[in-house]
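What follows is a single structure, written as structure tokens, with notes after it.
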Amino acid sequence: MLRIAVPNKGSLSGPAAEMLHEAGYQQRRESKELRIVDPVNEVEFFYLRPRDIAIYVSSGKLDIGITGRDLLIDSAADAEEILPLGFARSTFRFAAKPGTANGVEDLKGKTVATSYEGIVAGHLADRGIDAAVVHLDGAVETAIELGVAEVIADVVETGTSLRNAGLEVFGEPIMKSEAVVIRRTGADGEEPKVQQFLRRLQGVLVARTYVMMDYDCRVEQLEKAVALTPGLESPTVSPLHNEGWVAVRAMVPAKEAQRIMDDLYDIGARAILTTAIHACRL
């Protein structure tokens, strides 16, 4: 069986389970379950702390895992990213009291508090900045108020909590993170079960990104219509009973669907509709 590590809690857990369910895999019914077997798909899922997943995968005890890119890099584990999943996106940045620093070059000689010591230490070393890094678990905003550090480095979403603490972000982002599928570095990338798993997840990503669009149009407007809906390879075009009309079907980006429908209507297309895609293979 394919052995897969899945986050057991936090912002990664729910979306990961939802994606796996959409991909056709059985998921746990109770949060206390630490391991389940999906015999139909020949997969065994292990529910682990997100921070530990890269370590387990790098050991070779588990074949692949789902975790955050930030957690993968921070762990320094012998594992690599093989597929970004598009959820749990975040930006990692420096923050401090106004006037403390304008960029990473101003951190020389300062102390930085963070829950991601590996990321921050690596980022500073890559830029030749000699600064101390203090590891703290949980919220790090109070580190500055209590004099533990002059600067913090943390995940920033809206920035509200930082502003409430009297802090502001500065400099370029340290990194951008999201949920990713990982495997042990150097593992067989062509292993059939792993490839099948990746195809299923890629199918979910495509299904979430595209919708199927159907419409009728006059033959003389077909070229203009096809230019608006080229599909992935090309659209499906079928003659209608009424002479001079054709039915067209194509996948279009979901975020552009309303604009495309307007443009099709303007060139004379009618009976325009969209339907959700629940699964696909490209």
Side-chain angles (χ1 to χ4, degrees), residues 1-28 36 38 40-92 116 118-119 122 155 173-211 232-233 251 253-255 276-282:
M1 284 194 172
L2 190 66
R3 295 158 64 87
I4 302 174
V6 183
N8 68 343
K9 62 177 66 177
S11 61
L12 291 165
S13 178
E18 182 180 353
M19 175 170 278
L20 291 169
H21 176 73
E22 290 180 36
Y25 293 103
Q26 179 182 333
Q27 289 297 286
R28 62 181 180 174
I36 66 166
D38 181 349
V40 174
N41 294 298
E42 298 183 322
V43 173
E44 190 174 8
F45 291 103
F46 294 82
Y47 296 86
L48 306 169
R49 290 179 67 247
R51 277 191 173 272
D52 296 336
I53 287 176
I55 303 297
Y56 280 105
V57 172
S58 69
S59 73
K61 301 300 182 182
L62 300 180
D63 300 300
I64 51 181
I66 296 175
T67 188
R69 181 182 295 131
D70 53 350
L71 298 175
L72 168 63
I73 295 174
D74 193 60
S75 72
D78 191 19
E80 61 185 358
E81 173 184 336
I82 55 175
L83 179 67
L85 297 177
F87 63 85
R89 288 192 172 102
S90 62
T91 303
F92 203 68
Y116 298 81
I119 293 176
V155 172
I174 300 169
M175 69 170 294
K176 292 184 180 294
S177 182
E178 64 181 294
V180 296
V181 179
I182 65 171
R183 69 179 176 197
R184 182 168 54 86
T185 303
D188 181 9
E190 301 303 319
E191 206 282 321
K193 290 182 180 179
V194 173
Q195 288 303 307
Q196 181 188 66
F197 179 78
L198 295 177
R199 281 195 302 271
R200 287 196 182 192
L201 294 190
Q202 287 167 334
V204 172
L205 292 172
V206 173
R208 290 178 173 183
T209 305
Y210 288 85
V211 294
L232 296 186
E233 278 80 30
M251 290 172 63
K255 64 182 180 181
I277 301 171
H278 296 291
C280 72
R281 296 291 185 276
L282 297 183

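These numbers were taken from a predicted model, which means no experiment stands behind them.
Under the 3.5 Å distance criterion, the side-chain polar atoms of D78 are left unmatched by any main-chain donor or acceptor of S58. Remark: the backbone N or O of A17 is not paired with any side-chain donor or acceptor of R28 at under 3.5 angstrom. Checked by atom type and distance alone, the side chain of S13 never pairs as donor or acceptor with a backbone atom of G10 at under 3.5 Å.
For the atom pair D70 CG and K176 NZ, the distance stands at 13.0 Å (nearest 0.5 Å). Atom CG in L20 sits 11.5 Å away from atom CD in Q26 (nearest 0.5 Å). Rounding to the nearest 0.5 Å places OG1 of T209 at 8.5 Å from CE of M251.
Minimum interatomic distance between G118 and D74 (heavy atoms only, all atoms of both residues): N-OD1, 2.7 Å. Taking every heavy atom of both residues into account, K193 and E191 meet most closely at N-OE1, 3.0 Å. Contact detail for I182 and E81: the closest heavy-atom pair is CG2-CA, 4.2 Å. Taking every heavy atom of both residues into account, A16 and P7 meet most closely at CB-CD, 4.2 Å. When all heavy atoms of R184 and E80 are compared, the pair lying nearest together is O-OE2, 4.1 Å. Taking all atoms of both residues into account, the shortest heavy-atom contact from A77 to I55 is CB-CD1, 3.9 Å.
For the pair H278 and E22, the minimum side-chain heavy-atom distance is 4.5 Å or more. Residues V181 and L85 are in side-chain contact: their nearest non-hydrogen atoms beyond the backbone lie under 4.5 Å apart. Considering only heavy atoms from C-beta on, L83 comes within 4.5 Å of Q202 through its side chain. Taking the side chain as every heavy atom from C-beta outward, L201 and M19 approach each other to under 4.5 Å. Side-chain contact check for Y210 versus P253: some heavy-atom pair is nearer than 4.5 Å. At least one side-chain heavy atom of P50 sits less than 4.5 Å from a side-chain heavy atom of N8. A heavy-atom distance below 4.5 Å is not found between the side chains of I53 and F46.
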With side chain to side chain contact (heavy atoms under 4.5 Å, CB included) as the test, would you mind laying out the steps for L71 and L12 before giving the verdict?
CA-CA 11 Å; L71 298 175; L12 291 165; 4.2 Å; yes
Mind running side chain to side chain contact (heavy atoms under 4.5 Å, CB included) on I64 and L198 for me, showing each step along the way?
CA-CA 10 Å; I64 51 181; L198 295 177; 5.6 Å; no
Trace of the side chain to side chain contact (heavy atoms under 4.5 Å, CB included) decision for V155 with Y116:
CA-CA 9 Å; V155 172; Y116 298 81; 4.2 Å; yes
Can you check side chain to side chain contact (heavy atoms under 4.5 Å, CB included) on I4 and V43, steps first, answer last?
CA-CA 7 Å; I4 302 174; V43 173; 3.6 Å; yes
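Applying the salt bridge (Lys or Arg N to Asp or Glu O under 4.0 Å) test to R200 and every residue at least two apart in sequence or in another chain returns nothing. Looking at residues two or more places apart in sequence or on another chain, you find a side-chain contact (heavy atoms from CB on, under 4.5 Å) between E178 and R69, P84, R89, V180.
Taking the ring axis of Y56 as reference, the NZ or CZ atom of R49 does not stay both within 45° of it and closer than 6.0 Å to the ring centre.
Of the options D63, L62, N41, D38, a side-chain contact (heavy atoms from CB on, under 4.5 Å) to L2 is made by D63 and by none of the others.
Taking the six-membered ring for Trp and thresholds of 30 and 60 degrees, F197 and Y25 have ring planes inclined between 30 and 60 degrees apart.
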